[in-house]
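Below you'll find the structure, written out as structure tokens, and then a few comments.
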Amino acid sequence: MDLLLPRRCAGCGDPGQVLCGPCRERLRRPPVRVVTPVDTHVPMWSLGPYAGTHRGVILAMKERGNLAVRSLIGPVLAAAVTHLQARGELPDRIDAPVPLTLVPAPTRARSARLRGGDHVTDLCRAAGLPVTPALRHRSTVRDQVGLDAEARRRNLAGSVELRHVPTGPVLLVDDVVTTGSTLAAAAEVLTAAGVTVCGAVVIAHA
Ligand SMILES: [Zn+2]
């Protein structure tokens, strides 16, 4: 594709690189605690509001087969985890004998296929931390588009199922959080299976 299209920054659209210097700088800001309308019952951190650079990279990650951006945002996620561990907000190797495992938020299989693989799982793998894709949506779940917060919550209650139980403490990861209903359902099903959910990290909050 590089031969056909001029390379543009995923964050701001400037020509030149996959991700320009100023956008990298914006993504490097420390994660902030966010609270969603639906209580996830676990602490959640976001790398920034869903706008500008953050919105741009999320849209680019979703593009079919856009592995270049996914592999660049992986280290951004890893840096956020390290930062939270340094602040004592997430367990590090000293606190827990088993390292923290990333669990990607569930993606509907069909939309993931259309995008060329699940971008959130690719993002987690690119972070270089242990990853367990432990969750999936039940097939009966409706598309969330057009539903308000309460309708989303009802739609997603009991909507996430465990494919297998991860060992050790986990950190949920998603690209963007809006109501928090998906992450709440994910945290609930993991906790019910006896898994320690240390929190959730998202690239952006809307
Ligand atoms: Zn840029």
Side-chain angles (χ1 to χ4, degrees), residues 1-37 40 43-87 89-90 100 102-108 111-131 133 143-145 171-183 186 199-206:
M1 287 299 274
D2 286 346
L3 296 171
L4 304 170
L5 296 170
R7 202 190 281 263
R8 289 189 172 275
C9 170
C12 65
D14 277 2
Q17 305 173 64
V18 176
L19 199 59
C20 75
C23 281
R24 283 172 199 251
E25 201 57 51
R26 277 175 217 122
L27 290 166
R28 218 174 282 147
R29 288 178 196 151
V32 292
R33 270 294 288 272
V34 289
V35 175
T36 47
T40 54
M44 189 190 305
W45 298 273
S46 168
L47 303 193
Y50 186 65
T53 296
H54 293 76
R55 181 172 176 275
V57 297
I58 288 167
L59 293 176
M61 276 197 300
K62 286 182 175 180
E63 283 167 13
R64 189 183 174 83
N66 194 335
L67 295 174
V69 173
R70 294 174 198 179
S71 61
L72 278 175
I73 305 305
V76 171
L77 172 63
V81 171
T82 304
H83 193 98
L84 291 167
Q85 287 174 321
R87 286 196 328 217
E89 293 182 75
L90 284 178
L100 200 59
L102 304 181
V103 174
T107 314
R108 255 163 243 86
S111 51
R113 251 196 329 272
L114 292 173
R115 275 179 213 136
D118 172 20
H119 63 288
V120 177
T121 301
D122 284 347
L123 163 70
C124 290
R125 294 224 165 91
L129 293 158
V131 183
D143 202 301
Q144 296 285 86
V145 176
L171 179 67
L172 286 162
V173 176
D174 208 350
D175 52 357
V176 58
V177 69
T178 49
T179 64
S181 53
T182 301
L183 287 169
V201 171
V202 296
I203 302 303
H205 58 285

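One-based numbering, in listed order, for ligands and for the atoms of each. FYI, side chains are in, hydrogens and waters are out, and symmetry mates aren't considered; it's all heavy atoms of this structure. Starting from 1, each residue takes its place in the sequence as its number. Since the structure is predicted, the reported quantities are computational estimates derived from the model, not experimental observations.
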Exercise for review: Provide the tally of protein N/O/S atoms nearer than 2.8 Å to the Zn ion (ligand 1).
Suggested key: 4
Check your understanding: When you look at Thr36 and Leu183, which way does the side chain to side chain contact (heavy atoms under 4.5 Å, CB included) test go after all the steps?
Key -> CA-CA 10 Å; Thr36 47; Leu183 287 169; over 6 Å; no
Exercise for review: Grab the two heavy atoms, one from Ala204 and one from Ile58, that are nearest each other, plus how far apart they are.
Suggested key: CB-CD1, 3.6 Å
Review point. Which heavy atom of Ala200 sits nearest a heavy atom of Leu171, and at what distance?
Key: N-CD1, 3.8 Å
**Study point:** Atom CZ of Arg55: over 12 foreign heavy atoms under 6.0 Å
**Key:** no
Study note, to complete from the structure: With Leu123 as partner, the option from Leu72, Val173, Asp174, Val131 fulfilling side chain to side chain contact (heavy atoms under 4.5 Å, CB included) is Val173
**Study point:** Check against side chain to side chain contact (heavy atoms under 4.5 Å, CB included), Leu172 and Thr40
**Key:** CA-CA 11 Å; Leu172 286 162; Thr40 54; over 6 Å; no
